[in-house]
Participant: 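First the structure, which I've put down as C-alpha cells, then a few questions once you've had a look.
This is a predicted model, so every value here is computed, not measured.
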Amino acid sequence: MHRYGAAITGAPGLVSVHTLHDAEQDVLMGLAIWESEEAFQASVHLAREAVADDPFDEWEAEPVVGFRLTEA
C-alpha cells in the first residue's frame with residue numbers, strides 16, 4: 001500500500017493518500033482522496049503499475065470491500 005500511495009503522490013487532483021490499519025480485525029485499508037473521478041482515472045495507472053507484480057490473488061482470497069464517498 002505504501003508503494004501504491006508513493007506512486008501517485010503529487011499526481012494532479014490527488015488530495016491525500018493514507019494506509020490505515022484496524023489492529024483488532026487485522027485489516028489494512030488504503031484510502032486515496034481525489035478531487036474528481038477524472039483526476040483519479042488520469043493517474044491511477046501509476047499506482048497500479050507500481051504494484052503490478054504483487055500477489056493480489058493471495059491477498060484478495062476474500063472479496064475486497066470498496067467504498068465511495070458521495071454527497072449527502
Side-chain angles (χ1 to χ4, degrees):
M1 288 189 183
H2 293 286
R3 285 184 290 114
Y4 187 98
I8 55 175
T9 297
L14 179 68
V15 175
S16 62
V17 62
H18 310 275
T19 299
L20 308 168
H21 180 231
D22 180 331
E24 187 173 308
Q25 296 185 49
D26 195 27
V27 173
L28 286 176
M29 183 174 88
L31 173 64
I33 301 172
W34 296 87
E35 290 177 355
S36 66
E37 177 75 18
E38 293 79 18
F40 164 75
Q41 292 297 336
S43 296
V44 71
H45 70 281
L46 300 169
R48 291 178 177 155
E49 290 166 5
V51 297
D53 295 326
D54 288 358
F56 286 96
D57 57 331
E58 295 173 27
W59 299 340
E60 297 176 350
E62 297 178 25
V64 174
V65 178
F67 301 95
R68 178 174 292 215
L69 179 65
T70 58
E71 299 292 324

Participant: Which heavy-atom pair separates Met29 from Met1 by the least distance, and what is that distance?
Facilitator: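 Closest approach of Met29 to Met1, heavy atoms only: C-SD, 3.7 Å.
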Participant: For residues 44-58, pull every pair meeting side chain to side chain donor-acceptor pair (under 3.5 Å), keeping only residues two or more places apart or in separate chains.
Facilitator: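 The answer is Arg3-Asp54.
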Participant: Name each donor-acceptor pair under 3.5 Å that joins a side chain in residues 12-19 to protein atoms two or more places apart or in another chain, with its distance.
Facilitator:
residue : atom : partner : partner atom : Å
Ser16   : OG   : His18   : NE2          : 3.1

Participant: Once rounded to the nearest 0.5 Å, what's the spacing between atom OG1 of Thr9 and atom NE2 of His2?
Facilitator: 11.5 Å
Participant: Using every non-hydrogen atom in the two residues, find where Ile8 and Ser43 come nearest and quote the distance to one decimal.
Facilitator: CG2-O, 3.8 Å
Participant: Quick check on the hydrophobic clustering: are Val51 and Val44 connected, directly or via other members, by side-chain heavy-atom contacts under 4.5 Å?
Facilitator: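 As far as the 4.5 Å side-chain criterion goes, Val44 and Val51 are connected within one cluster.
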Participant: Quick one: list whatever passes side-chain contact (heavy atoms from CB on, under 4.5 Å) with Ala42, sequence neighbours left out.
Facilitator: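 Once residues adjacent in sequence are excluded, Ala42 has no partner under the side-chain contact (heavy atoms from CB on, under 4.5 Å) criterion.
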